[in-house]
Amino acid sequence: MKVHLTTFTGHFVTMEVSPDIELENFRALCEVECDIPSAECFISYNGTPLLDDKKTIASYGVKEDDMLLLERRVVSRNPQRSQSQSQGSLPLIDFGGIQLPPGTSQQPQGMQPSMRQPVEPDAATLRQMLLSNPGQLSRLKETNPPLADAVESLEKFTEVLQKQRKAKADQEMQRIRMLSADPFDASAQQLIAEEIRQRNVNDNMEVAIEHMPENFGQVIMLYIDCKVNGHPVKAFVDSGAQMTIMSQACAERCHIMRLVDKRWEGIAKGVGTQKIIGRVHLGQIEISGVFLHTSFTILENQPMDMLLGLDMLKRHQCCIDLKQNKLQIGTSGSETPFLSESDLPPCARLNRQDGPESEDRQLAEALARSADGTAGPSNTNQSNAQAEPNPS
């Protein structure tokens, strides 16, 4: 049958045992699972201590999926005390098995040196380690953004670190108090269930890191080299975009602003919101020496120069071949390779220094500028961009 074992330190184990297993043999299994000597294992069921080593656990009323509480007790060398414990008095619990939160100055008497909480580095040392290791700092930005944002100032970094450590210590003490009061309480059981779920998540991540480490890397987007009006442009291939988009800066560089029809001005709404200046109804893109016709929707503030949308990809029967890492153009029979990371524009490189927070800042600025010019133009609610002509 399956039984569950929990401890005051938050350790939770599910064991498959026979109902006829004797208590002393069950304690030996607990030693293997919980790393507690069997002689110091004190097991109770529904508040009743299990004392007779020769009895089976089934004889104590333990059934399928029942919960047992395991405590670590101090093995007394006093024969009278050992006799009193064997007669049913409560054992002495070794509180050294309970890990204290960081920052606690006093250690309980009897705590073994191997059980003491490891000393955490001070704020200045930790900050210096992060500044000297860009890889660790980059991971910290993903896992703990508030602490990563404060790394530039030692005072602010210390303040944020102390708050987080205090919150973690308070949470740990609350968990210990809850389990110590009554591990069978509904709230305690909910806490145990959440810890089991989180442990399963961590185990799943460890397996993924071992067998599929590429999942934790970043994938570069699909860019190709092309020319517009004889000017080289690095275009982003996006089959999820409805329209082909070009930034105002790129349109000015390619000298096609004179062809922009401003009757198509509006607001592009998708993941973000940007102002549409207008539309070039017919233009040419040169890809691998082949000229292809398409239209361009000109956005006021677009980080990338040009985005090849689904309208252009379908019109020219393009195929994204990820096996060959090429874009195949069906109407012309030509193909062009996707760019490597070293050839990408600065806004698309994975190792760029500005980071995702810079993109958020640029998007916020674009939203503010778009809000200032929303009077009069026709709005859109299509994915990525779609504008209708302004009647005026």
Side-chain angles (χ1 to χ4, degrees), residues 220-322 324-339 343-345 347-348 366 370 377-390:
I220 62 174
M221 305 303 285
L222 303 179
Y223 279 81
I224 62 171
D225 277 327
C226 63
K227 290 184 179 180
V228 176
N229 202 16
H231 296 270
V233 176
K234 297 183 185 297
F236 173 44
V237 180
D238 186 4
S239 60
Q242 187 178 12
M243 303 177 63
T244 297
I245 295 171
M246 179 180 289
S247 68
Q248 180 181 3
C250 181
E252 292 174 351
R253 189 169 69 248
C254 297
H255 305 294
I256 61 173
M257 283 297 293
R258 57 188 176 81
L259 299 176
V260 175
D261 187 348
K262 295 188 176 181
R263 291 176 299 175
W264 262 258
E265 67 179 1
I267 300 298
K269 294 182 180 180
V271 177
T273 303
Q274 295 193 41
K275 182 178 179 180
I276 299 175
I277 296 177
R279 181 181 180 184
V280 176
H281 299 293
L282 183 62
Q284 283 187 335
I285 301 178
E286 181 183 352
I287 302 177
S288 296
V290 178
F291 290 89
L292 306 174
H293 296 289
T294 187
S295 60
F296 303 104
T297 298
I298 310 300
L299 298 188
E300 181 181 42
N301 186 29
Q302 172 71 13
M304 59 190 68
D305 285 340
M306 187 167 64
L307 183 149
L308 301 182
L310 193 59
D311 58 340
M312 183 269 182
L313 298 177
K314 292 186 68 175
R315 180 180 297 114
H316 298 287
Q317 303 173 12
C318 296
C319 176
I320 299 175
D321 189 346
L322 299 180
Q324 301 294 331
N325 199 36
K326 295 178 180 180
L327 177 67
Q328 300 176 355
I329 303 173
T331 54
S332 64
S334 60
E335 59 184 24
T336 183
F338 293 117
L339 301 182
D343 298 325
L344 296 181
C347 67
S370 298
S378 45
N379 295 338
T380 68
N381 56 8
Q382 300 295 329
S383 174
N384 288 282
Q386 178 166 350
E388 298 178 355
N390 193 329

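As a basis for the values below, the full set of heavy atoms in this structure was taken, side chains included, without hydrogen atoms, waters or symmetry mates.
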Quiz item: So Leu299 and Ile277, side-chain contact (heavy atoms from CB on, under 4.5 Å) or not? Walk me through it.
Solution: CA-CA 6 Å; Leu299 298 188; Ile277 296 177; over 6 Å; no

Quiz prompt | ring-ring contact (aromatic ring centres under 6.0 Å, His included) partners of His281, counting only residues at least two apart | solution = Trp264

Quiz item: So how far is it from Leu339 CG to Asp225 CG, rounded to the nearest 0.5 Å?
Solution: 4.5 Å

Quiz item: Can you name the nearest heavy-atom pair linking Met221 to Leu344, along with the distance?
Solution: O-CD2, 4.4 Å

Quiz item: Residues two or more places apart in sequence or in another chain: which of them pass side chain to side chain contact (heavy atoms under 4.5 Å, CB included) with Ser247?
Solution: Ala249, Cys250, Gln302, Asp305

Self-check item: CG on Asp261 to CD1 on Ile298, rounded to 0.5 Å
Solution: 11.5 Å

Practice problem: With sequence neighbours left out, write down each residue that passes ring-ring contact (aromatic ring centres under 6.0 Å, His included) with Tyr223, or none if nothing qualifies. | Solution: Phe236

Practice problem: Return the set of residues passing side chain to side chain contact (heavy atoms under 4.5 Å, CB included) with Leu259 (not counting sequence neighbours), or none when no residue passes. | Solution: Val280

Practice problem: Check Ser334 against Val290 and note the closest heavy-atom contact, atom names and distance. | Solution: OG-CG2, 3.8 Å

Self-check item: Non-neighbouring partners of Thr331 that pass side chain to side chain contact (heavy atoms under 4.5 Å, CB included), sequence neighbours left out
Solution: Leu292, His316, Gln317, Ile329

Quiz prompt | Flag if over 12 foreign heavy atoms under 6.0 Å of NZ, Lys234 | solution = yes

Self-check item: From CD (Gln284) to OG1 (Thr294), nearest 0.5 Å
Solution: 11.0 Å

Quiz item: Considering all heavy atoms of both residues, which atom of Leu327 and which atom of Ile320 are nearest to each other, and what is their separation?
Solution: CD1-CG1, 4.0 Å

Quiz item: Could you walk me through whether Leu322 and Leu222 pass the side-chain contact (heavy atoms from CB on, under 4.5 Å) check?
Solution: CA-CA 10 Å; Leu322 299 180; Leu222 303 179; 4.1 Å; yes

Quiz item: Quick one: CD1 on Ile267 to CD1 on Ile276, what's the gap to the nearest 0.5 Å?
Solution: 7.0 Å

Exercise. Of all the heavy-atom pairs spanning Cys254 and Val233, show the shortest one and how long it is.
Key: SG-CG2, 3.9 Å

Quiz item: What's the shortest heavy-atom distance between Ile224 and Phe338, and which atoms?
Solution: CG2-CD2, 3.7 Å

Self-check item: Shortest non-hydrogen separation from Ser288 to Glu335 and the atoms involved
Solution: OG-O, 3.1 Å

Self-check item: Separation between CE of Met257 and CE of Met246, rounded to the nearest 0.5 Å
Solution: 10.5 Å

Quiz prompt | Distance in Å, Ser295 OG paired with Met312 CE, rounded so as to fall on 0.5 Å steps | solution = 10.5 Å

Practice problem: With sequence neighbours excluded, give me every ring pair (Phe, Tyr, Trp, His ring centres under 6.0 Å) pair touching residues 285-315. | Solution: none

Exercise. Could you point out which residue of Thr297, Asp311, Asp238 forms a side-chain hydrogen bond (donor to acceptor under 3.5 Å, both in side chains) with Thr244?
Key: Asp311

